[in-house]
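Below: the structure, in structure tokens.
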Amino acid sequence: MAFSSSVSSSRMIHSPAALAYQSKLNNNQNNKKIFHCRSFSPLPFISRLSYVSRRRKGESLNKHIMASVTDISVDKLTEEAQIPKGQMWSVHKFGGTCVGTSQRIKNVGEIIVNDDTERKLIVVSAMSKVTDMMYDLIYKAQLRNDSYLSALDAVFEKHQLTAHDLLDGDELAGFLSRLHHDISNLKAMLRAIYIAGHATESFTDFVVGHGELWSAQMLAAVVRKNGIDCKWMDTREVLIVNPTSSNQVDPDFSESEKRLEKWFSQSPSNTIIATGFIASTPDNIPTTLKRDGSDFSAAIMGALLRAHQVTIWTDVDGVYSADPRKVSEAVILRTLSYQEAWEMSYFGANVLHPRTIIPVMRYDIPIVIRNIFNLSAPGTMICRPPVDENEDEQIIDSPVKGFATIDNLALVNVEGTGMAGVPGTANAIFGAVKDVGANVIMISQVFFNKHRCLVTDYGEVKAVAEALESRFREALNAGRLSQVAIVPNCSILAAVGQKMASTPGVSATLFNALAKANINIRAIAQGCSEYNITVVLKREDCIRALRAVHSRFYLSRTTIAMGIIGPGLIGATLLDQLRDQAAVLKEDFNIDLRVMGITGSRTMVLSDTGIDLSTWRELLKEKGEVADVEKFTQLVHGNHFIPNTVLVDCTADSNVASCYHDWLRRGIHVITPNKKANSGPLDQYLKLRPLQRKSYTHYFYEATVGAGLPIISTLRGLLETGDHILRIEGIFSGTLSYLFNSFVGTRSFSEVVTEAKEAGYTEPDPRDDLSGTDVARKVIILARESGLKLELSDLPVQSLVPEPLKACASAEEFMKQLPQFDKELAKQRQEAEDAGEVLRYVGVVDAINKEGRVELRRYKRDHPFAQLSGSDNIIAFTTKRYKEQPLIVRGPGAGAQVTAGGIFSDILRLASYLGAPS
Ligand code: ADP
Ligand code: ASP
Ligand code: MG
């Protein structure tokens, strides 16, 4: 069966560390003495301020009037009932989306059937959206809006249809009769609310809890249909909770344990389907564990049964390093400590109800969060961190495990010098807040009592501010306090991680990332446990801030935002090479290359997250906007989430080359095969180098000479290790190499040029190759790299374009006339041949005489330059160390693939300079 391999809890833990830890847990749990006496770890200071659930969708309905609507009797505990407890129990909780449709309920049934644990208790939420629908009924009835009746019909329909899909025979009849009965009770109750124009808290809790009653009964029937003996549990009969001051409840474990014993004695079963969310007060009044409370229900049940694991099934692969809806790059966290999970959920990661941790932590019961829609994902394990955590993993782990945010908050600032040295100020502030029953999420104090701020729900802020003003009226009037100010529209961003406590510099990095993203921080707090750093921001900045800090801690240091300029033949080939290799680089070397922009001379495409390289051509054609280099630069570099930017200039354009100075100054790395910058005006070239070093940027241009051959890097290697260049001599043009390698026998030079042109080895106008300018630029680049201060105009260049043909209007005209000049070159070749030599068109850097030239030279037949074939380049470095025999680099030095390969290897060089593993 499809689900079978993922259900057994022992098989859910895949990583060796988790396995080791699981066995440790098992040992601990076998030795009950150890974990029973283990004391509670104190929660961080901020955490202890308030445990209030912030998710109170039905809050406006909650008024403090009690009414008993069910009659749950508490008999004396039956002596003989002894529910077995411990390892044999597994607890699962299925969230609303897991049971959102009849098909999904069937899938859940299969998971339950395939769980081979001896005993299991399954906590189930209402079908997705049902709790909202139930709250909406009350809302409508309270407003005396008749549409509550049709809304109730919709609730009925939904469950009736689902039951018809799932059940038949007696099970169906039984369920439908119960559903009818419940709906008619609800109708009566809603009518009462309608008449009163008001719903009490317990009326509300009673109504909204029906979703769980129905889903649990349907699921139990489905499991029975699969041949498993199974009972459903109305947890209002078992879970006893005490309402606390602020919209939350505290479980009464000992009373709940007694009631569980009693329930079990009456309905013994190895498979129990229990309602999440709902419970009763000690007076047997139905209540709820408040919004999203089913996770909490599961944790309480897990603790009551001392289960070996609580598995929370939901619609995501586990706990992500940040809300995956807000940060697309968030990663799944394989393990979290109880404290980390608590802090993440408290500060807004709603994948887990914050109170879920406390009951299970008491007995060291691990919680595993798993995705019902992706059974192959191992999920996140929340447990006590192992003492002997693998040291290698520690190196890799980020000290910040995750980030979470809470929106819709407001800051209340109490300001004034009058607080300094006045004892009891904090007490007075908290007293005022307590009086209005508000939930303080965070407090912070600035500058010796001069300024205190508290963060509270936006809906409560007015009441809090009024209470503070009234409490401090005298101080305000006397000027000891200057004001109680409200800052609305705030959000909290929290960074959570147990290792933050022992890792210096975490807050500096966090604040630096926020500063770089231009985000203003309004208040800061750090839990005394140092497991969290919390900042208050403007609400509108929150997602940007979250992404900025997340990428700072989670993106690899070698994530590089790239802008590709000039998607011509070479640029396009590079983009295709990147497309094919990106996944391997990310997987094996942690190098994350993201092309954020591509610009041609007319159009450009840009993306915030990276362009899909399998469709870049279509994007540029269909969605391209008007090209604008400045806008392009700003957007590629303006992405604060990616730590590095490189612009790759694949043009041959001197206008683009003239931008390098500005790019380097702005901290943008530059990589190019474009020769224009390095062979352009000397003064500009000389400025580029120091600027690049000063701005800690990198400027790589390997592909300007010899395409992908390691020529610049070889030269740099020689120079940086203290060698002295005496001479560099080489065949630098693939075209001219080909022409002279083929200019043999009885062939005329024009014949060879025609053949090369037809084969596409020359520029469209072969004069561009024959003029020698391109070779001259390469010589200048190497000369300057070797320390010579030469201008292009200083270089004598022997052009192979006959003087009279320089003025030819077209390439065709030139080709037509070229045969007239064959004689001269034929004569030179003959003379060379007679002397046992060949003609080669070479560039020379003469470092001793500080000069360079480009010319046709003769070489002996056994000289390496005479042995070339095809369009190979060959470059000989004669240096102090390589004096007798030059160091020779030889190979194909032209062509889109090798040139793009040369640029690509510069990109990887950049990544390794930025810290990528080798
Ligand atoms: P359920 O109905 O199963 O209880 P919830 O909607 O309560 O599911 O919780 C799961 C949702 O929590 C996910 O769909 C996800 O969008 C959201 N979420 C927010 N923060 C996180 C996070 N850090 N990791 C995983 N999910 C998160
Ligand atoms: N059904 C309840 C809610 O939507 C409880 C839960 O699903 O956790 O809040
Ligand atoms: Mg939930």
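A quick note: this is a predicted structure, and the numbers were derived from the prediction, not measured. Remember, it's 1-based here, ligands and their atoms both numbered in the order they're listed.
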Pull out every atom of ligand 2 sitting under 4.0 Å from any heavy atom of [X], numbered as shown with elements.
X	result
Ser125	6 (C), 7 (O), 8 (O)
Phe277	2 (C), 5 (C)
Glu212	1 (N), 2 (C), 5 (C)

With distance as the sole criterion, is a donor-acceptor pair present between the side chains of [X] and [Y] under 3.5 Å?
X	Y	answer
Ser294	Asp292	no
Asp115	Ser90	yes
Ser321	His550	yes
Glu237	Thr235	no

Check against side chain to side chain contact (heavy atoms under 4.5 Å, CB included), Asn408 and Arg539
CA-CA 7 Å; Asn408 287 328; Arg539 196 187 159 179; 3.0 Å; yes
For the residue pair Trp342 and Tyr346, categorise the inter-ring angle as parallel (less than 30°), tilted (30 to 60°) or perpendicular (more than 60°).
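Taking Tyr346 first and then Trp342, their aromatic rings lie parallel (interplane angle under 30°).
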Parallel under 30°, tilted from 30 to 60°, perpendicular over 60°: which one fits the rings of Trp313 and His92?
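Parallel.
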Which of the atoms of ligand 1 are close to [X], meaning less than 4.0 Å from one of its heavy atoms?
X	result
Gly318	24 (N), 25 (C)
Arg325	16 (O), 17 (C), 18 (N), 19 (C)
Tyr320	22 (C), 23 (N), 24 (N), 25 (C)
Ala349	20 (N), 23 (N)

For Val316, which part has a heavy atom under 4.0 Å from ligand 1: side chain, backbone, both, or neither?
side chain
Throw together a table of side-chain donor-acceptor distances under 3.5 angstrom for residues 151-164, partners on residues two or more places apart or in other chains.
residue : atom : partner : partner atom : Å
His159  : ND1  : Val155  : O            : 2.9
Thr162  : OG1  : Lys158  : O            : 2.6

Polar-atom distance check: Thr314 versus ligand 1, any N or O pair below 3.5 Å?
yes
Any N/O of Asp315 closer than 3.5 Å to an N/O of ligand 1?
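Right, the criterion is met.
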Taking all non-hydrogen atoms of both residues into account, name the closest pair between [X] and [Y] and its distance.
X	Y	result
Ile193	Phe203	CG1-CD2, 3.9 Å
Val99	Met127	O-CG, 3.1 Å
Val207	Met189	CG2-SD, 3.7 Å

Is ligand 1 less than 4.0 angstrom away from at least one heavy atom of [X]?
X	result
Gly96	yes
Ala322	yes
Lys93	yes
Ala330	no

Counting heavy atoms only, which of Asn350, Thr314, Asp295, Asp292 comes nearest to atom 9 (O) of ligand 2?
Asp292
From the options Met127, Lys290, Arg291, select the one whose nearest heavy atom is closest to atom 4 (O) of ligand 2.
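The nearest heavy atom belongs to Arg291.
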Ligand 2 N/O within reach of Lys93 N/O, cut-off under 3.5 Å
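Between Lys93 and ligand 2, no N or O pair is found under 3.5 Å apart.
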Does the residue Gly96 have a heavy-atom contact with ligand 2, meaning some pair of atoms that are separated by less than 4.0 Å?
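Contact absent.
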